[in-house]
Enquirer: 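Could you have a look at this structure, given as structure tokens, before my questions?
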Amino acid sequence: DAKTTQPPSMDCAEGRAANLPCNHSTISGNEYVYWYRQIHSQGPQYIIHGLKNNETNEMASLIITEDRKSSTLILPHATLRDTAVYYCIVGHYKLSFGAGTTVTVRA
Amino acid sequence: NAGVTQTPKFQVLKTGQSMTLQCAQDMNHNSMYWYRQDPGMGLRLIYYSASEGTTDKGEVPNGYNVSRLNKREFSLRLESAAPSQTSVYFCASSPLAGGGNEQFFGPGTRLTVL
């Protein structure tokens, strides 16, 4: 069963903010929201995670709705190197990656 | 620090052959994981080791065995390879097996079973 729903693809202009949505309506109270990305066929790279509060680090911001049923990953100033597949995952440590969102940053 | 390393990078097997995929981490992490990624799909957890001396099944364990050799090393064995096991295999590690821990991934092993 899919625990998250993401759009299959999206485009973004270089230098603009990229907002990636994720629905996780069946999330349980103690499950985290994680975001990873995968560039080409490399190993996935951790971006950010959160439980209830919004989070920000040097790579991105994570906005989680109050009911925790959806979240948005924000890349504040997208660059060409941010072109990748982005995965939204809910759980603890036994992660299950869905198909993700293919983000293409265009010059 | 090399992070998470995997060997080999590529492998071609014939149906019925066996092989072991090696994974090592130098970050003193307690927990290690094996995932597989089929073409066009996300990663699925095969086995994990929450701490040295323990291993547990993940989402797709059939056809695989694992060994947590020591704190650094976690190997994945295919006893009798099948074409359905053609995939890219990723090893990962994290400080602890618990919510809120970042997993660090290796570069992957690309396996083809003919």
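Protein chains get the first letters and strands the later ones, always in sequence-line order, with residue 1 at the start of each.
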Enquirer: Which of parallel (below 30°), tilted (30 to 60°) and perpendicular (above 60°) describes A:Tyr46 and A:Tyr36?
Expert: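 The rings of A:Tyr46 and A:Tyr36 stand perpendicular, inter-plane angle above 60°.
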Enquirer: Quick check on B:Glu102 against chain A: is it the side chain, the backbone, both or neither that has a heavy atom closer than 4.5 Å?
Expert: both
Enquirer: Please classify the contact between B:Gln6 and chain A as side chain, backbone, both or neither, with a heavy-atom cut-off of under 4.5 Å.
Expert: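 When you check distances to chain A, no heavy atom of B:Gln6 falls under 4.5 Å.
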Enquirer: Shorter than 4.5 Å, heavy atoms on both sides: which option in B:Arg110, B:Glu59, B:Gln103 has the most such pairs with chain A?
Expert: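 Going by pairs under 4.5 Å, I would pick B:Gln103.
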Enquirer: Please identify, among B:Ala50, B:Gly58, B:Gly100, the residue contributing the most non-hydrogen atom pairs under 4.5 Å to chain A.
Expert: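 The option with the most such pairs is B:Gly100.
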Enquirer: For B:Thr112, does its backbone N or O pair with a side-chain atom of B:Gln11 as donor and acceptor, under 3.5 Å?
Expert: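 Such a contact is absent between B:Gln11 side chain and B:Thr112 backbone.
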Enquirer: Salt-bridge test for B:Glu79 and B:Arg77: reply yes if a basic N is under 4.0 Å from a carboxylate O, no otherwise.
Expert: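 A salt bridge is present here (some side-chain N lies under 4.0 Å from a carboxylate O).
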Enquirer: Is the shortest side-chain N to carboxylate O distance from A:Lys94 to B:Asp56 below 4.0 Å?
Expert: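 A salt bridge is absent here (no side-chain N lies under 4.0 Å from a carboxylate O).
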Enquirer: Hey, which of A:Gln45, A:Gln42, A:Gln38, A:Glu31 has the most heavy atom pairs under 4.5 Å with chain B?
Expert: A:Gln38
Enquirer: Would a line drawn from the ring center of B:Tyr35 to the ring center of B:Phe105 be shorter than 6.0 Å?
Expert: yes
